[in-house]
Amino acid sequence: MASASASASASDKVVETVIVGNYVEMETEGEPKGIKTKVSNLFWHGGSVYDAWFSCASNQVAQVLLTLPYSFSQLGMLSGILFQLFYGLMGSWTAYLISILYVEYRTRKEREKADFRNHVIQWFEVLDGLLGKHWRNVGLAFNCTFLMFGSVIQLIACASNIYYINDNLDKRTWTYIFGACCATTVFIPSFHNYRIWSFLGLIMTTYTAWYLTIASLLHGQVEGVRHSGPTKLVLYFTGATNILYTFGGHAVTVEIMHAMWKPQKFKAIYLIATLYVLTLTLPSAAAVYWAFGDMLLSHSNAFSLLPKTPFRDMAVILMLIHQFITFGFACTPLYFVWEKAIGMHECKSLCKRAAARLPVVVPIWFLAIIFPFFGPINSTVGSLLVSFTVYIIPALAHIFTFRSATARENAVEQPPKYFGRWVGTYTINVFLVVWVLIVGFGFGGWASMTNFIHQIDTFGLFTKCYQCPPPPPSQHGINATAAAPLHHPFNHTRSP
């Protein structure tokens, strides 16, 4: 009898897990599907495992491709490779934890007959449902702040990249232009609708990564190249937190899962996406650092050191398009939060929702103009925001959600035996929290803030053209020559 009861209980859990996500958000059911609908679904309406994989891989590696060689120059080759592997695994683990908590929350709510047909579940709602309002408030604050600065970084990257094709306008002016362009993401309803964009985005980053690798190898090492990193602790931990930021793109995991038809299949998707991303980030960062060495300490954007060719221009253009896509990925959860705050989330009118979302873009635009420090801002966001948002909070939330024997026994998803079941899972979570708190937030926060403040002291807020070369004296005269050190790229790493 006991065996039969246990078998029935396990069967019920399987059924409950399968039930999760068996619907398509805002899809009209029961209507015949014509050619137009089928084409629309093919390009516009994704929810499969493959869509989730493309979304994770495309979102994870964006403009950070261009700053990882800069991180290698701070860390040295060996540390750069090891940190990528270590934080890649750590990011995959916390993405797995988030997926477990999402399925647990949604299953509990569906037992209570909750209907999510026109409602996108978000991370702060998962925390609220499982752990209460205080967890919700902390999660909401960190998540929104991180996503806002993640969007800021995409705008800064757009301006930084386009400058290498057209330097007739300064980077600040390009930020104005791309801020307006990225505001059009308000018309993309949800992560269902990123199917074609995620696919194209991954192709774009793949091209860029291999362009950086091949172009650096063909260029060869510059004369007198030096690979002296690591030389200073402040630079070492700044580089490490940029890599922490690189593999911390799973702040949108819940929204990507919610867009899936069967979210319980997400568990290994982020790990597989990370493994693919490593095939892009490791060769490109290592090749650029091998070719240019310590020169990267004063050139946080790898494009700035490679010669201007049609291939480089193509890489710049593709990255610009990809940054538009990544801006949408980072901003869409913020749109959802804002819609819920003003009561527009369940509105069926796309135009009304788009108009309601526009105020979200304005502060992002403004912050990108204040802090145009491409490279250093990644490390600062990584240490102060990513460390808590996607590493510490998910690990602690998993520990506290399943702290009682009853919660562990009734969990929808049991930890696999190769992780050591519950004991192994708790051990990994505790190690992760301690490591990120000390190394990521502690040392990383000190180093990245020191470097960030140095950028403000050197270049100033609202600087028109961060790390731009000084204007030629022949064109601007003696005064321009005197003012040149303010924008000289090598000021970037001068000790405070």
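- Side-chain atoms of Tyr276 and Leu202, non-hydrogen and from C-beta on, do get closer than 4.5 Å to each other.
- Using a 4.5 Å cut-off on side-chain heavy atoms (C-beta onward), Ile369 and Phe366 make no contact.
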Show, in sequence, the C-alpha distance, side-chain angles and deciding distance for Ser228 and Asp294, and conclude whether the side-chain hydrogen bond (donor to acceptor under 3.5 Å, both in side chains) test is met. CA-CA 7 Å; Ser228 58; Asp294 290 352; 2.4 Å; yes
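- Thr238 and Ser448 form no side-chain donor-acceptor contact under 3.5 Å, judged by distance and modelled atom types alone.
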Please walk me through it: do Ser99 and Met257 pass side-chain contact (heavy atoms from CB on, under 4.5 Å)? CA-CA 7 Å; Ser99 72; Met257 285 188 69; 3.4 Å; yes
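- Counting heavy-atom neighbours within 6.0 Å of Phe443 CZ, excluding the residue itself, gives a total of 12 or less.
- Here the shortest heavy-atom pairing between Ala52 and Ile269 reads CB-CD1, 3.8 Å.
- The closest side-chain heavy-atom distance from His227 to Met77 is not below 4.5 Å.
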Apply side-chain hydrogen bond (donor to acceptor under 3.5 Å, both in side chains) to residues Thr332 and Tyr194 and explain how you reach the verdict. CA-CA 11 Å; Thr332 299; Tyr194 275 95; 3.3 Å; yes
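- The line from CD1 of Ile321 to CD1 of Ile203 is 11.5 Å long, rounded to the nearest 0.5 Å.
- Rounding to the nearest 0.5 Å places OH of Tyr245 at 11.0 Å from OG1 of Thr380.
- Heavy-atom neighbours of Lys340 NZ from other residues, nucleotides or ligands within 6.0 Å: above the threshold of 12.
- Going from atom CD1 of Ile100 over to atom NE2 of His398 covers 6.0 Å, rounded to the nearest 0.5 Å.
- Without hydrogens or angle criteria, Trp338 side chain to Val360 main chain gives no donor-acceptor distance under 3.5 Å.
- Of the listed residues (Ile188, Thr185, Val120, Leu358), just one forms a side chain to side chain contact (heavy atoms under 4.5 Å, CB included) with Tyr335, and that residue is Thr185.
- Checking Asn59 against Thr326 by side-chain atom types alone, no donor-acceptor pair falls below 3.5 Å.
- Two residues are said to be in side-chain contact when any heavy atoms from C-beta on lie closer than 4.5 Å; Arg357 and Phe187 fail this criterion.
- For residues 78-90, every residue pair satisfying the side chain to side chain donor-acceptor pair (under 3.5 Å) rule, not counting sequence neighbours, is listed here: Ser79-Tyr236, Gln84-Thr281, Tyr87-Trp435.
- With Phe142 as reference, Phe388 is the one residue of Phe388, Trp135, Phe149 to meet the ring pair (Phe, Tyr, Trp, His ring centres under 6.0 Å) rule.
- There is no side-chain donor-acceptor pair under 3.5 Å between Thr67 and Ser300.
- To the nearest 0.5 Å, the span separating OH on Tyr211 from CZ on Phe311 amounts to 9.5 Å.
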Show your reasoning for whether side-chain hydrogen bond (donor to acceptor under 3.5 Å, both in side chains) applies to Ser92 and Thr274. CA-CA 7 Å; Ser92 300; Thr274 298; 3.2 Å; yes
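- The aromatic rings of Phe199 and Phe54 sit perpendicular to each other, their planes meeting at more than 60°, with 30° as the lower class boundary.
- For the side chain to side chain donor-acceptor pair (under 3.5 Å) condition, the pairs that include at least one residue of residues 305-314, sequence neighbours left out, are Lys308-Asp313.
- Under the 30°/60° scheme for interplanar angles, the aromatic rings of Tyr96 and Trp93 are found to be tilted.
- Annotation: the span from Leu65 atom CG to Thr205 atom OG1 amounts to 6.5 Å, rounded to 0.5 Å.
- Note that CG of Asp51 is 7.5 Å distant from OG of Ser198, once rounded to the nearest 0.5 Å.
- The minimum heavy-atom distance between Leu155 and Trp365, with the atom names listed, is CD1-CA, 3.9 Å.
- Inter-residue side-chain proximity for Val436 and Phe441 is flagged as unmet; no heavy-atom pair is nearer than 4.5 Å.
- The two residues Phe303 and Thr208 come nearest to each other via the heavy atoms CZ-CG2, 4.0 Å.
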Could you please spell out the steps behind the side-chain contact (heavy atoms from CB on, under 4.5 Å) verdict for Phe237 and Gln74? CA-CA 8 Å; Phe237 287 107; Gln74 297 170 319; over 6 Å; no
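- When atom types are taken as modelled, the side chain of Thr184 and the backbone of Ala180 share no donor-acceptor pair closer than 3.5 angstrom.
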Run the numbers on Ser304 and Asn301 for side-chain hydrogen bond (donor to acceptor under 3.5 Å, both in side chains), then give the verdict. CA-CA 6 Å; Ser304 64; Asn301 190 326; 5.7 Å; no
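- For Leu306 against Leu212, the heavy-atom pair with the smallest separation is CD1-CD2, 3.5 Å.
- A heavy-atom distance below 4.5 Å is not found between the side chains of Val439 and Val434.
- Ring-plane geometry between His219 and Phe292 is classed as tilted, the angle between the planes lying from 30 to 60 degrees on a 0 to 90 degree scale.
- Among all heavy-atom pairs drawn from Val361 and Gly179, the shortest one is CG1-O, 4.3 Å.
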Show your reasoning for whether side-chain contact (heavy atoms from CB on, under 4.5 Å) applies to Leu280 and Trp210. CA-CA 7 Å; Leu280 305 181; Trp210 286 108; 3.7 Å; yes
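- Nearest heavy-atom pair across Pro394 and Leu101 is O-CD1, 4.0 Å.
- Within 6.0 Å of atom CZ in Phe431, more than 12 heavy atoms from other residues, nucleotides or ligands are found, so the atom counts as buried in its surroundings.
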Could you walk me through whether Cys158 and Thr175 satisfy the side-chain contact (heavy atoms from CB on, under 4.5 Å) test, starting with their C-alpha distance in whole Å, then the side-chain angles of each, then the deciding distance to 0.1 Å, before giving a yes or no? CA-CA 7 Å; Cys158 285; Thr175 304; over 6 Å; no
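- Looking at Gln122, its side chain never comes within 3.5 Å of a backbone N or O of Glu255 through a donor-acceptor pair.
- Using a 4.5 Å cut-off on side-chain heavy atoms (C-beta onward), Tyr70 and His299 make no contact.
- Within the 4.5 Å cutoff, the side chain of Tyr289 has heavy atoms near those of the Ser73 side chain.
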